[in-house]
Structures are given as C-alpha cells and as structure tokens.
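Chain A is the first sequence line, chain B the second, and so forth, proteins listed ahead of strands; every chain is numbered from 1.
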Amino acid sequence: MKSTKPKISFDPTPQRPSVDQPFDREAWEKQLNEPKIAKAPLRRVVVEPIPKAPQFEATGLMAGPRPAYLPRNTRQLALSSGVALTVFLGLASAMFWINDDRSAASESNASLLVSDGLSTGSQPLDENTTRAASSDLTDVSTTFAVSVSRAPAPKDLPAVVLASLQSKTVLEPKLQMLKESVLAGSYQVEIYSLKGHDRVRLRFEDEVVTSEDAVDLAVEDLMQTRPGLVNALRTPSGMIDKDTLIFSLVRSALMSDQNVEASTAAREMSRKVFSVSPARSDNLGSVRLYTVKPGDSLAYISLQFYGLPDAYSRIIEANRDTLQSPDMIQLGQRLIIPS
Amino acid sequence: MSKRAAFFAAGLAVYATAVQAEGQSISAKVEFMFDGAKVAIAPMAVEASRHAALFAALDPSCDPYCIAPELAAPGIETLIEPDVLAFLEKGVGTNAGLLVDARMPHDRDLGFIPGSVSLPVDTVSPQSKFRRDILKALGVRVFEDVFNFADAQSLVVYDNGPTQNDAGRLIGYLLDAGYPSEKIRYYRGGMQVWSVLGLTIQE
C-alpha cells in the first residue's frame with residue numbers, strides 16, 4: 001500500500017504577541033486600527049463631485065474667452081513685455097531728450113528776454129534754468145551733464161512697472177479664475193503622498209496658478225503686503241509651501257469681496273480641507289505635539305488643526321521657546337499645538 | 001497503517017503544543033499606568049462573587065427582555081476579555097486608547113473596570129450640548145461644526161453586559177458623529193462577564 005503524505009499544515013506560533021516582547025506602540029496601533037474588512041485603497045478624496053460642465057461657467061468679467069496663452073507662455077509674455085517696455089521707455093526718453101534740447105534751445109533764447117527762469121517750477125524747466133543761468137549758451141558740457149543726470153530714472157522704472165504689470169496681467173486673472181472655481185464649487189480636496197506622508201491640497205480643473213512663475217509672482221507680491229505669511233509658508237527645506245500659498249491667496253481673495261456668497265465659499269473650502277486633514281498629533285496628557293514633516297509649513301499646520309492658514313501665530317506663540325525664528329521649522333521638530 | 005497513526009499522533013502533538021503556546025500568552029494579570037497611577041488587574045478578586053451576583057441581578061435595560069447582539073454595529077469588532085486586558089496594557093497604558101464605560105452614573109457606581117473612563121451614553125446623543133466637548137476630549141479636532149477624526153483615540157466600549165445596550169447606543173452615536181468604525185471596539189461581556197471571571201473591579 002502506498003501511503004500518501006498527509007497534508008498537515010499547522011502554524012504553531014501564537015497569534016497574540018507575547019507579553020515579553022518589546023512593545024512597539026506604532027505597529028500595535030496600526031495593527032489594531034487596521035480595518036477587518038479589506039477596503040480598496042482610497043487615495044483621492046473627492047469631497048464634492050465636479051459639476052457636469054467640463055469647465056466652470058465664468059460670469060462677469062471672466063465671461064469672455066479664456067486667454068489660452070497665459071499658462072504656457074507666461075515666460076515669453078513676461079520677457080516680450082519687458083523688451084517692449086524697455087524699447088518703449090527708451091524711445092520715450094530719447095524723444096523727451098530731443099524735445100528737451102529743442103525746448104531748452106527756445107527756452108534759453110526766451111531767458112534772454114525773461115530774466116526769471118523759475119517761473120514754471122517743473123523739473124525739466126529747472127534744469128533748463130540752470131543751463132540758462134550759465135553765461136555761455138553754447139556750452140555743451142552742461143547739456144551733457146543734464147542728460148546724464150536723467151539717465152538712471154528709466155533704468156529703475158521698467159523693473160517697477162514690469163512687476164506691477166506682471167502681477168496685474170498674470171496673477172490677478174489667475175486668482176480671479178480660481179475664485180470663480182471656488183464660487184462655482186468646481187474644485188476638489190485631494191489627499192496625496194509627499195515623501196511617504198499624506199498631505200491635503202486643493203485641486204482645480206485648471207492648473208493655472210500652480211505654474212512656478214505664478215507662485216514666484218505671488219510670493220513677491222505677498223512679501224510687500226504680508227511678510228509674516230511668507231515666513232509662515234516656508235517649509236523645513238526653505239521652499240515655499242505652494243499648496244497652502246494657493247489656499248491662502250484664494251481665501252483672502254474671496255474674503256476681500258465682502259459679500260456673503262464669497263465668504264461662505266471660503267468657509268466651505270476651509271471646512272472641506274479640515275474634515276479630511278490627515279495630519280496626526282500625539283496626545284501627551286494635556287499637551288498635543290505635532291512632528292514636522294517634509295513639505296510642512298506653519299500655515300499648513302495651522303490649516304490642519306484650526307481650519308485657517310492664518311492662525312499660525314497661535315502655534316508660534318505656544319512654541320516661542322523652541323522656535324528659532326518663525327520662518328525656521330525643522331524636519332522632525334515637535335511643535336506644541338494649543339487647543 | 002502504523003505510518004498513518006504516527007502522522008496522526010504527530011499532528012496531535014503539534015496541536016497540543018500550539019494550544020499550550022496560545023494558552024500561555026493569555027494572562028489574566030496586567031499592570032499599566034493610567035492617569036498617572038499604576039493600575040493592576042488580577043483574577044480571583046476578593047469580592048468577585050458579590051459583584052457577580054450584583055451585576056447578574058440587574059434589570060435588563062430593555063423591555064421585553066432582550067440580549068445585546070454580537071455586533072454593536074456593522075464594522076465594529078467585538079472583543080473578549082484577553083483582548084480587553086491587552087488593550088488596557090498596550091493601549092490605555094500608552095495613552096493610545098481609552099476603555100470607555102458607556103453606562104449612566106447610577107450603574108457605574110456599582111463598580112467599574114479599573115482604568116476605564118466614564119462616558120455616559122446620553123452625553124453623546126445628538127441632542128446633548130456636551131457632545132462637542134466630549135468629542136474634543138476624545139482627541140477629535142473641531143472647526144465650526146466640522147469634525148476631524150485623524151487624532152481621535154482608539155476606544156473599547158463596554159456596559160453592564162449582554163443584558164444592556166448602553167454600549168451599542170454609544171457606539172451608534174459616535175458613528176453618527178463620524179467617528180471612524182476602525183477606531184471603535186465593543187466589549188460585549190461587560191461587567192457581568194468581567195465579574196464572573198473574578199477580575200478586579202473598582203468601586
């Protein structure tokens with residue numbers, strides 16, 4: 001008789017962890033909280049479905065066709081407008097100079113008749129007056145000196161004009177678009193993984209503002225108006241936390257509208273992000289501690305725990321002893337989260 | 001034939017060691033820190049029989065007489081005593097979880113499991129004005145009327161035992177508030193089974 005090997009398989013290892021084993025709390029908690037019924041991994045949290053229309057319905061000033069060149073050709077646009085502006089200003093100053101010379105000539109002739117050269121008081125005339133004051137009307141060196149003294153002005157001017165022009169032409173329409181998206185409810189709150197840590201961000205149909213140029217512009221803009229917020233947006237690696245920057249910009253744009261509809265939409269945005277916030281803190285009796293993770297900023301942490309990106313001052317206040325400066329949070333740093 | 005018998009015997013032996021190994025890992029004796037003090041639970045408590053009689057004699061909380069279901073709610077795991085002891089040691093003892101007594105104060109006064117916190121079921125009902133503060137105390141983050149459960153504590157909920165359903169109601173209220181089901185467990189045996197096993201009871 002040929003006996004077949006009985007298939008006895010038995011796992012003698014006990015299912016429960018031995019009491020003597022060193023206790024790994026995190027592993028235990030993970031095992032404890034693991035859902036018994038396997039769920040499909042849910043990565044993206046869709047809080048509100050996007051309305052059926054493929055793109056949001058723009059109203060008011062935005063009703064016109066969307067400028068398609070904006071997102072892609074920002075750099076070229078900025079560059080070409082810079083070049084155009086420089087050329088224009090150069091031409092204008094040259095024209096001015098020529099005009100000046102002409103008027104200077106006529107003026108100096110006139111000054112022969114009118115002894116009081118300060119009559120008009122405007123700057124070019126003042127310069128002419130000085131020139132007119134010189135005894136020799138054909139003295140070229142004075143003319144030259146005047147023109148040199150004028151030269152630096154157009155040099156600084158384009159930079160300033162360009163910056164304001166860029167923020168007007170590039171940033172504001174984008175913000176306006178995002179604002180309209182939020183008002184129409186056509187955005188998602190998304191959980192994504194950054195270096196193994198879950199984060200939450202807003203996701204728009206149009207990824208216009210997420211372009212690097214726009215972020216740089218927005219940061220430059222904020223530096224002027226709210227330097228504190230820019231500091232609070234710094235991540236441990238010194239970068240700007242883009243997710244929270246966009247959230248902040250859209251939120252303040254909505255709040256500045258000062259109507260019920262806009263502020264309700266802004267609150268709804270906060271509530272959606274807050275309800276799915278994956279940030280976890282440790283409960284040490286009376287104190288809550290949060291460990292700083294890659295990509296975090298004080299404004300982001302504030303949004304996770306208080307629903308508002310601007311409430312970071314509470315965290316700064318509570319961690320005054322350990323924070324070197326408000327714009328210096330370090331990876332792995334433990335921050336007290338006051339409740 | 002003898003070969004088969006030998007295999008059978010070997011199988012039995014393996015089975016016996018496995019049972020023994022499993023038996024060893026379940027100890028009815030645990031010690032842990034709770035609220036800054038050392039708490040010890042051991043079998044053969046002095047007043048065990050008095051407590052057992054007391055909890056057995058309690059009127060059932062529903063009329064006509066009913067028995068609590070096996071599961072408090074879909075997706076909620078039901079625990080037995082060794083699980084509760086392990087939870088006390090490794091969950092409650094490390095601030096990672098709470099053993100929740102769902103009974104109203106007059107029931108809790110009869111005695112409770114050491115290391116448990118009192119969370120009377122009616123204080124968490126949707127009508128209760130304490131609900132928000134209680135959820136906060138459980139680690140839930142609150143913004144306006146939105147709750148975030150990322151930091152919420154792991155809970156094991158119990159009551160008098162199978163003749164009462166305070167625990168089931170409390171679990172229902174918590175789930176209604178949005179508490180994640182994987183963070184709640186149900187100890188169905190409650191005080192009735194706990195006292196019959198002679199485990200330590202605090203008064």
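Within 6.0 Å of CE on B/Met33 lie more than 12 heavy atoms contributed by other residues, nucleotides or ligands.
Counting all heavy atoms, side chain and backbone alike, B/Ala150 lies closest to A/Ala279 at CB-O, 3.3 Å. The nearest pair of heavy atoms linking A/Val276 to B/Asn148 is C-ND2, 4.0 Å.
Against chain A, the residues from residues 128-147 of chain B that qualify, each with a non-hydrogen atom under 4.5 angstrom away, are B/Gly139, B/Arg141, B/Val142, B/Phe143, B/Glu144, B/Asp145, B/Val146, B/Phe147 in number order. Close approach to chain A, defined as a heavy atom under 4.5 Å from one of its heavy atoms, is seen in B/Gln153, B/Ser154 of residues 153-162 of chain B, taken by number. Using a 4.5 Å heavy-atom cut-off against chain A, the contacting residues of residues 96-125 of chain B are B/Ala96.
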Pairs of donor and acceptor atoms involving the side chains of residues 194-203 of chain B, under 3.5 Å and at least two apart or interchain, shall be tabulated with distances.
from	atom 1	to	atom 2	distance (Å)
B/Trp194	NE1	B/Thr200	O	2.8
B/Ser195	OG	B/Met191	O	2.9
B/Ser195	OG	B/Gln192	O	2.9
B/Thr200	OG1	B/Ala42	N	2.9
B/Thr200	OG1	B/Ala42	O	3.0
B/Glu203	OE2	B/Arg50	NH2	2.7
B/Glu203	OE2	B/His51	NE2	3.0

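Of the atoms belonging to A/Tyr306, it is backbone heavy atoms, and not side-chain ones, that fall under 4.5 Å from chain B.
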